[in-house]
Structures are given as C-alpha cells and as structure tokens.
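Working notes for the structure below.
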Amino acid sequence: MFTALWNNVEATVAIILFGIGFTNLMLNRNMIKKIIGFDIMDSAIYLFLAAKGYIKGRQAPIVVNGIQDVEAYINPVPAGLVLTGIVVSVSVSALMLALTIRLYRRYHTLDIDEITMLSRKEEK
Amino acid sequence: MEFVQNLPFFGIVLALFSGVLCSILKRKLARAVCLGLVMAELIASFLVLLFVLRTGESYVYMMGHFPAPWGNEIRVGILEAFTALFFCAIMLLSILGGLKHIEEDLEESKENLFYTMICLLLSSLLALVYTNDLFTAYVFVEINTISACGLIVIRQTGRSLVGGVKYMIMSLLGSGLFLIGLCMIYDITGHLLMSNIKESITELAATGEYAEPLTIIIALVSVGLAIKSALFPFHSWLPDTYGFSTPASSAIMSSLVSKGYIFLLIKIIYRVIGFDVIVSNRITNVLFVFGLAGMIIGSLNALKERDIRRMVAYSSVAQIGYIYMGIGLGTVYGMAAALFHIYSHASGKSLLFIAQSGLTDANGGKKSLLDMKGVGFRNKIAGLGFTVGSLSMVGIPLFAGFISKYNFATASMYSPHKMLATLIVLAISTVLNAMYFLRTVIRIYTPTGEAAKPAESKTGPSFAVAVAVMALINIAIGTCSGPVMEMIERGLWMFS
C-alpha cells in the first residue's frame with residue numbers, strides 16, 4: 001500500500017492538498033482564508049494534472065535538435081490544460097477578492113457568519 | 001455542409017463578442033444589443049432544430065483543423081437544439097418581464113454591465129449545451145458561474161452581496177470536485193472529447209480495469225454538478241440569492257443556470273460515462289435518495305416561509321429534487337421525464353418570479369404573504385400569471401406541471417424497487433405544493449372590502465407581454481406534450 005502511494009507521490013500529495021483546500025473553502029469562516037483555501041485546492045488539481053503529464057526521462061515537447069520522435073517528449077496536453085485552468089482560477093480569485101473588499105467596506109468584518117447576521121439586521 | 005450547421009458555433013462566439021461590446025455601450029444601446037442578440041440566437045436555434053429534425057441525425061462540427069482525438073468539437077442533436085431554443089426563449093421573456101425592475105434596481109451607470117453578464121451567460125449556456133469536449137465544458141461552467149454571480153451582486157444591496165458570495169463559495173466547491181473528476185477521467189482514458197472517452201470507458205468497464213477510479217470519478221462529477229445545481233443538502237445559498245437579486249436575475253438563475261448544469265450532467269451520463277456503467281455503479285440510487293429528500297424538505301421550507309419571493313425560491317429546491325429523482329430512477333423513461341421537467345419547471349418558475357415581482361409592486365413593495373390580500377385584483381395580469389405558474393407547480397391538468405408528474409409516475413413503473421418510494425413522495429410533495437401555492441393564490445384573490453384601486457401602470461407593456469407568453473408556453477407544453485416528449489425520446493436515442 002505504502003509503496004503504491006510512494007510511487008505516485010505527486011498524486012498523493014495533490015489529493016491531500018485538495019482535501020486541505022476544499023475543507024478550508026467550505027468550513028473556514030474568514031473570507032480571506034476561504035479564498036486561500038480555494039487557491040490551494042485549484043493548485044492541487046494542477047499539480048495532479050502536471051504530474052500525470054510528465055513521463056520520466058523525457059523532455060519538454062519543444063523541438064530543438066531535430067528529434068521528431070514522439071518517444072522523446074512528454075505529453076503536452078496537460079500543460080495546456082493547467083494553463084487554461086490557471087487563467088480561470090486567477091479570475092475567480094480576483095472576483096472573490098473584489099467581493100470581499102465590498103463586504104469589508106460595508107460591514108467591517110471578514111467573518112462570513114457575522115456578515116450574514118449583520119446583513120439580516122440591516123434589512124429590518 | 002450546409003450553412004445552418006455553422007449557427008451553433010456562430011451563436012456562442014457572437015454572444016461572447018456582444019458581451020464585450022455591451023460593456024462599453026450606453027445603457028439603452030446595450031439593452032438593444034442584448035435583446036437583439038437573444039432574439040437572433042432564438043431564431044438560429046430554431047433553424048438548427050428544424051435542420052436536425054429534417055435530417056433526423058446529429059452532426060459533429062469540427063473546430064479548427066485538427067480531427068477527432070485532438071481537436072475541439074461541437075455536437076448538435078435534436079435535444080441540444082431544442083434545449084438551446086428553449087433557453088433562449090425563457091431568457092428573452094425573463095429580461096422583458098423584468099425590464100422595469102432592471103432600471104429601478106440597478107445604478108444607471110451599471111446597467112450596461114447587466115447586459116454584458118446576460119450575453120456571457122447565454123454564450124456559456126449554449127456552449128454547455130452544445131460542446132463535445134469535457135475541458136471546454138469546465139471552462140464554460142466557470143464562465144457561467146462568474147456571470148451568474150455578476151447578475152446577483154449587480155443589485156448592490158447588502159443581502160444580494162452576501163447571497164452572491166455564498167453562491168460563489170458553493171459553486172467553487174462544486175467546480176473543484178468537477179475539475180478533479182475531469183482530470184482523473186483524462187488520466188485513465190487519455191482523451192478529452194466525449195465520444196473518445198466513452199469508447200475507452202466502455203472498454204475499461206468491460207475488462208474491469210480501473211474500477212475504483214471510475215467509481216470515484218462518477219461520484220466526483222455527479223456531486224460536483226449536483227452542488228452547482230442546488231440539489232437538496234447543498235441548497236443553503238439558494239433562497240438568499242434568488243430572494244434578493246433583481247427579478248429578471250432570479251428568473252434566469254432558477255430556470256436556466258441550474259438547468260444548464262443538469263443538462264451537462266445528463267450529457268455526461270449518456271455521452272461520457274455511458275448509461276449502463278452509471279446504472280451499474282449505483283450512483284443513480286444516491287441521486288434518487290437526495291432528490292426525494294429535496295422534494296420534501298424544499299416544500300416544507302417553502303411552507304414555513306412568509307416572504308413570497310423566498311417561498312418561490314424554496315420551491316425551486318423541491319423542483320430540482322424532482323429532476324434528480326427522475327435521473328435517479330436509472331431508466332430511459334426516468335431520464336425523459338427529468339428532461340421534460342427541466343422544460344416545464346423552467347417555463348413555470350420564470351413565470352412565477354416575474355409575476356411575483358408585479359404583485360409585490362402592486363402591493364407597494366411589501367413582500368410578506370400576509371400583506372398580499374387582494375393584490376391579484378390590483379395587477380390583474382401578474383395575478384393571472386402567478387395563478388398559472390402555481391397551478392402548473394401543483395400539477396393541475398392542462399398545465400405543464402401535470403404532465404411532468406404524470407411522466408414521473410409512469411416512469412417509476414419501470415423500476416420496481418423505486419416505484420413505491422417515488423409514488424409516495426410524489427403524492428406528499430404534491431399535497432405540500434398545493435398547500436403553499438394555493439394558499440398564496442387564494443390570498444391574492446381575497447377581496448379586501450375596499451374599492452379595488454385601478455392597476456398602476458408601473459409595470460409597462462413588456463411585462464404584460466412576457467407574462468402572457470410565458471403562461472401560453474406553459475399551457476402549450478401542458479396540452480401538447482406529445483411532440484415534446486417524442487422530441488426528447490428521439491434526442492435521447494441520438495445521445496447514445
């Protein structure tokens with residue numbers, strides 16, 4: 001069991017990090033820590049993808065010295081996916097941070113439970 | 001290749017560009033661009049639907065110059081074209097119905113951004129419906145989430161900001177699960193196009209290789225999309241977001257955004273994992289149980305609610321439960337019933353949200369149910385619309401909701417183990433629906449004794465037209481369900 005985990009150490013670490021980020025995003029009450037959790041979660045996914053695209057002993061798929069053989073290079077698709085994913089998660093983080101600033105200016109706290117309570121009071 | 005076949009792709013790109021364009025236009029011009037775009041998409045989807053019905057088979061549209069295992073593709077069948085047509089129609093009517101409120105609720109300088117969000121939302125919905133590539137689906141899921149969040153928070157009150165943030169947090173949890181599931185699919189199959197993945201997965205399932213990863217993938221993808229579409233235990237964000245955004249956003253959110261994810265899930269079930277593999281993995285049973293729970297809990301919450309808007313929002317939780325129950329039955333009949341309910345609920349719920357906004361206006365902005373006495377007389381068209389929507393939700397014959405419930409009941413006959421539970425919960429849920437919807441309808445038509453004030457002309461003609469057309473669509477689906485069901489069955493057959 002442990003040898004299997006050790007052989008796939010990147011995937012194991014990625015799943016652990018995903019768990020940490022996911023629980024942080026779900027359970028932490030502080031908005032900033034929630035966003036950090038989200039970023040950890042997404043980075044873990046990219047680690048997972050990048051690790052799956054890498055093949056030991058091969059090079060990045062850039063032809064420099066005329067080698068055209070497929071066997072010489074790693075799989076370039078996951079790298080492309082990671083790039084797309086990073087763009088998505090950066091824009092989502094930016095949006096979340098902007099919303100957090102809005103909430104902080106209005107309620108002067110980062111605690112989401114407190115913010116919910118204050119917004120209910122404001123209504124009445 | 002005929003010109004019509006290009007239209008789905010043109011539609012997606014055109015919507016993206018119109019979104020960009022709207023962000024720099026003045027509000028009146030932005031509104032014209034946005035409405036024109038939705039109308040153009042409506043006509044385009046209609047032409048595509050006619051084309052697919054005529055040829056009787058689906059087609060794949062290659063994007064760029066790379067053929068199947070590498071390139072990106074769009075796939076169009078009857079079900080996709082019909083769903084796109086329906087989504088465009090509901091979106092157009094929701095905007096028209098909520099036009100007055102869009103002007104009132106939003107700052108004047110921000111109004112064009114509302115239309116930007118609508119354009120982006122439309123393009124992402126169309127892409128979710130048409131795409132044949134899983135990673136493209138993920139990217140457009142995120143665009144959908146971001147623009148939906150924009151639609152909520154653009155009305156800058158405290159409650160809608162908090163609702164938007166809660167929506168974002170839940171959605172991000174869902175898309176995280178969906179993304180890692182998708183990466184694992186890529187890991188075990190090596191493909192991103194739906195058809196290629198399905199070939200590999202059928203092979204894997206036959207040999208029994210990677211059985212555990214496959215189960216985990218199915219769980220991750222289903223749970224991820226279920227969170228995003230507010231299936232029962234994940235519905236906590238829903239009443240806040242639907243209850244405090246501008247009425248057009250609420251109508252679009254409840255009837256289109258969550259349905260887009262469900263449509264993607266159905267597509268993944270059929271075109272990525274394969275229906276037999278899904279059923280043999282028994283994830284359908286999990287969805288079935290949560291669907292049933294959602295039907296009851298959502299209705300109970302709606303029954304307790306005193307705010308008419310939040311009551312309608314909670315009823316969405318129950319209706320999403322119906323759809324997941326249909327998927328959970330694990331038969332083609334259940335799936336067809338679930339798809340039909342997507343359409344019937346979309347037409348009913350958007351009508352309820354828009355009509356409710358007219359009623360609250362006639363009531364001087366008071367949303368409490370207790371103050372609603374006799375409102376139906378003050379704004380007749382809104383009262384009528386609300387009644388039609390309510391009767392459809394309860395499931396009275398002639399309206400779309402009745403056919404949905406009838407379909408679910410007949411579909412349950414084909415899965416003997418789940419029949420009893422389905423029928424009992426359907427009955428309970430119908431009674432609960434009747435309790436809170438008919439209570440509201442009776443209250444808005446209770447004479448108050450005072451001389452009925454003349455209807456204020458606050459709502460305008462676009463509101464009346466939108467409500468009337470939505471009510472007509474609902475009744476049309478309810479009375480002529482035959483052709484719609486036939487189309488769904490042919491579309492599902494094309495899926496596999």
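All figures in this text were calculated on a predicted structure; none of them were measured in a lab. In what follows, chains carry the letters A, B, and so on, assigned in the order in which the sequence lines appear, proteins first and then strands, with residues in each chain numbered from 1.
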Which is it for B/L161 and A/Y107 under the side-chain contact (heavy atoms from CB on, under 4.5 Å) test, yes or no, and what are the steps along the way? CA-CA 11 Å; B/L161 266 177; A/Y107 300 112; 5.9 Å; no
Could you report the tightest heavy-atom contact between B/L172 and A/M41, atom names first, then the distance? O-CE, 3.5 Å
Within a strict 4.5 Å, meaning less than it, do heavy atoms of the B/D187 and A/F48 side chains meet? yes
For B/M184 and A/I15 the tightest heavy-atom approach is CE-CD1, 4.0 Å
For a quick test of reading the model, state the closest non-hydrogen atom pair linking B/Q156 to A/R106 and the distance between them. O-NH1, 3.5 Å
Rounding to 0.5 Å, atoms CD (B/E142) and OG (A/S91) come to a distance of 7.5 Å
Separation of B/R159 CZ from A/E122 CD (nearest 0.5 Å): 9.5 Å
Are there over 12 heavy-atom neighbours, none belonging to B/F290, within less than 6.0 Å of that residue's CZ? no
Going through the distances and angles, do A/R102 and B/V153 end up as a side-chain contact (heavy atoms from CB on, under 4.5 Å)? CA-CA 10 Å; A/R102 263 281 158 77; B/V153 298; over 6 Å; no
Pick whichever of A/K52, A/M96, A/M26 has the most heavy-atom pairs under 4.5 Å with chain B. A/K52
Give, as side chain, backbone, both or neither, the part of A/L81 having an atom under 4.5 angstrom from any heavy atom of chain B. both
Neighbour count >12 (heavy atoms, 6.0 Å) for atom OH, A/Y73: yes
Just so I know, are the side chains of B/Y138 and A/V88 near enough to count as touching, which here means a heavy-atom distance under 4.5 Å? yes
Please determine whether side-chain contact (heavy atoms from CB on, under 4.5 Å) holds for the pair B/M168 and A/V92, giving the CA-CA distance in whole Å, both sets of side-chain angles, and the decisive distance to 0.1 Å. CA-CA 9 Å; B/M168 270 316 264; A/V92 172; 4.0 Å; yes
Rounded to the nearest 0.5 Å, what separates atom OG in B/S147 from atom CG in A/L95? 10.5 Å
Quick one: SG on B/C183 to CZ on A/F18, what's the gap to the nearest 0.5 Å? 9.5 Å
All heavy atoms of A/V77 vs all of B/L192, minimum pair found to be CG1-CD1, 4.1 Å
One should read off an interatomic distance between B/L179 CG and A/Y46 OH, to the nearest 0.5 angstrom, of 6.0 Å
Mind listing the closest non-hydrogen atom pair of B/G176 and A/I45 along with its distance? O-CD1, 3.7 Å
Under 4.5 Å heavy-atom distance to chain B, tell me which part of A/L25 shows up: side chain, backbone, both or neither. both
By a 4.5 Å heavy-atom criterion (distance strictly below it), what part of A/I112 contacts chain B: side chain, backbone, both, or neither? side chain
